[in-house]
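As a basis for the values below, the full set of heavy atoms in this structure was taken, side chains included, without hydrogen atoms, waters or symmetry mates. Proteins come first, then strands; the chains are lettered A, B, ... in the order of their sequence lines, and each starts at number 1.
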2 protein chains.
Amino acid sequence: MKTRRDVFQAIADPTRRAILTLIALQSLTPNAIADQFDSSRQAISKHIQILAECQLVSQQTIGREIYYQLNPTKMKEVSDWLAPFQKLWEDRYNRLDNVLSNLKNKENGKSEN
Amino acid sequence: MKTRRDVFQAIADPTRRAILTLIALQSLTPNAIADQFDSSRQAISKHIQILAECQLVSQQTIGREIYYQLNPTKMKEVSDWLAPFQKLWEDRYNRLDNVLSNLKNKENGKSEN
DNA sequence: TATTTGCGCAACCAAATAATTGCATATATA
DNA sequence: TATATATGCAATTATTTGGTTGCGCAAATA
């Protein structure tokens, strides 16, 4: 198994994103989490495992219950990857348009489709 | 095909993230993009298609070449999802710890594993 | 102690994904 | 016009994924 288990792959699934949102408010057990979804306990448990593997959640055992909590630090990794792009969507006059204009100028008079 | 094609799923793949980084600097053709990777042109082309499907990139045809450019606005969607979590990783005294402490207090004297 | 509950683990299955190969089409170029 | 180039599209395949079912174990409860 290669099992590329990184943060980006983990948050690709909508159920897992919902789980993260859910436990951001408070730590919950697998059963408590599963109650919030239509999926089975085992299905949710697998999602939690994936989140745990890439350290998006941590766990704390109390008796026979396991409370899963969000690890916000790991969430930050996604934000860090996005940061360089941020100025692009903030700046309406970004340079991407200019690059394309230049390319079109080079083609000037050749084809106009 | 169900084909859940959203931004989160699109950026889950490391090659696609690399493509986004690449074209953030300047618009490029599929061949120019493929040159930067070990993957075949078709493989890259498929990744570009996926990025285009969820509007992370837009295209502009010039002659027989197609220039793909980043659509930063769509990137922002990921950032928007992350925003609510931001204060959690910025605040070292976040309330998640408190929630867990409360749960442990309820269990006080019962089990201590 | 006997039973119920909470949970993880392993096997299995259908669907989705990533990549390859081959082909078609439109635009350049000789 | 004939050929080369840039690209998309379709079919195929191996791998990954998300989910189910069944089991076992430890902790709580009757």
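- Phosphate proximity of D/dT17 to A/His47: absent, as no side-chain N or O sits under 4.0 Å from OP1 or OP2.
- Atom CD of B/Gln49 and atom P of C/dA18 are 12 Å apart (whole Å).
- The separation between A/Asp38 atom CG and D/dT20 atom P is 10 Å, rounded to whole Å.
- Under the rule for a side-chain hydrogen bond (donor to acceptor under 3.5 Å, both in side chains), B/Lys46 has no partner lying at least two apart in sequence or in another chain.
- Looking at heavy-atom distances under 4.0 Å, B/Ile50 makes contact with sugar-phosphate atoms alone, never a base.
- Distance A/Glu53 CD to C/dC9 P: 10 Å, rounded to the nearest Å.
- When rounded to the nearest whole Å, the span between CG of B/Asp13 and P of C/dT17 equals 12 Å.
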Contacts table for residues 15-25 of chain A: side-chain donor-acceptor under 3.5 angstrom, sequence neighbours left out:
| residue | atom | partner | partner atom | Å |
| --- | --- | --- | --- | --- |
| A/Arg16 | NE | A/Ala10 | O | 2.6 |
| A/Arg16 | NH1 | A/His47 | ND1 | 3.0 |
| A/Arg16 | NH2 | A/Gln9 | O | 3.4 |
| A/Arg17 | NH1 | A/Ile11 | O | 2.7 |
| A/Arg17 | NH1 | A/Ala12 | O | 3.2 |
| A/Thr21 | OG1 | A/Arg17 | O | 3.1 |

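- Residues passing the side-chain hydrogen bond (donor to acceptor under 3.5 Å, both in side chains) test with A/Asp38, sequence neighbours excluded: none.
- By the side-chain hydrogen bond (donor to acceptor under 3.5 Å, both in side chains) test, A/Gln86 pairs with A/Glu90, sequence neighbours left out.
- Distance CZ (B/Phe8) to P (C/dT17): 16 Å, rounded to an integer number of Å.
- Rounded to whole Å, atom P of C/dT17 lies 18 Å from atom CD1 of B/Ile48.
- Residues A/Gln69 and A/Tyr67 have side chains that never bring a donor and an acceptor to within less than 3.5 angstrom of each other.
- Taking the side-chain hydrogen bond (donor to acceptor under 3.5 Å, both in side chains) definition, one finds that A/Glu77 meets it with A/Lys74, sequence neighbours left out.
- Atom-to-atom, CZ of B/Arg5 to P of D/dT17 comes out at 14 Å; the value is rounded to the nearest Å.
- Contact between the side-chain N/O atoms of A/Gln9 and the OP1/OP2 oxygens of D/dT16 is not found at any separation under 4.0 Å.
- A/Ser40 has a side-chain polar atom (N or O) that falls below the 4.0 Å cut-off from OP1 or OP2 of D/dT20.
- Atom CZ of A/Phe37 is separated from atom C1' of D/dG18 by 14 Å (rounded to the nearest Å).
- The base of C/dA19 sits within donor-acceptor range of the side chain of B/Lys46, with an N or O pair under 3.5 Å.
- Counting only heavy atoms from C-beta outward, the side chains of A/Asn71 and A/Val57 never approach each other to under 4.5 Å.
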Under 3.5 Å, which N/O atoms of the protein pair with N/O atoms of nucleotides 5-7 of chain D?
| residue | atom | partner | partner atom | Å |
| --- | --- | --- | --- | --- |
| D/dT5 | O2 | B/Arg64 | NH1 | 2.6 |
| D/dT7 | OP1 | B/Ile66 | N | 3.4 |
| D/dT7 | OP2 | B/Asn31 | N | 3.1 |
| D/dT7 | OP2 | B/Asn31 | ND2 | 2.9 |

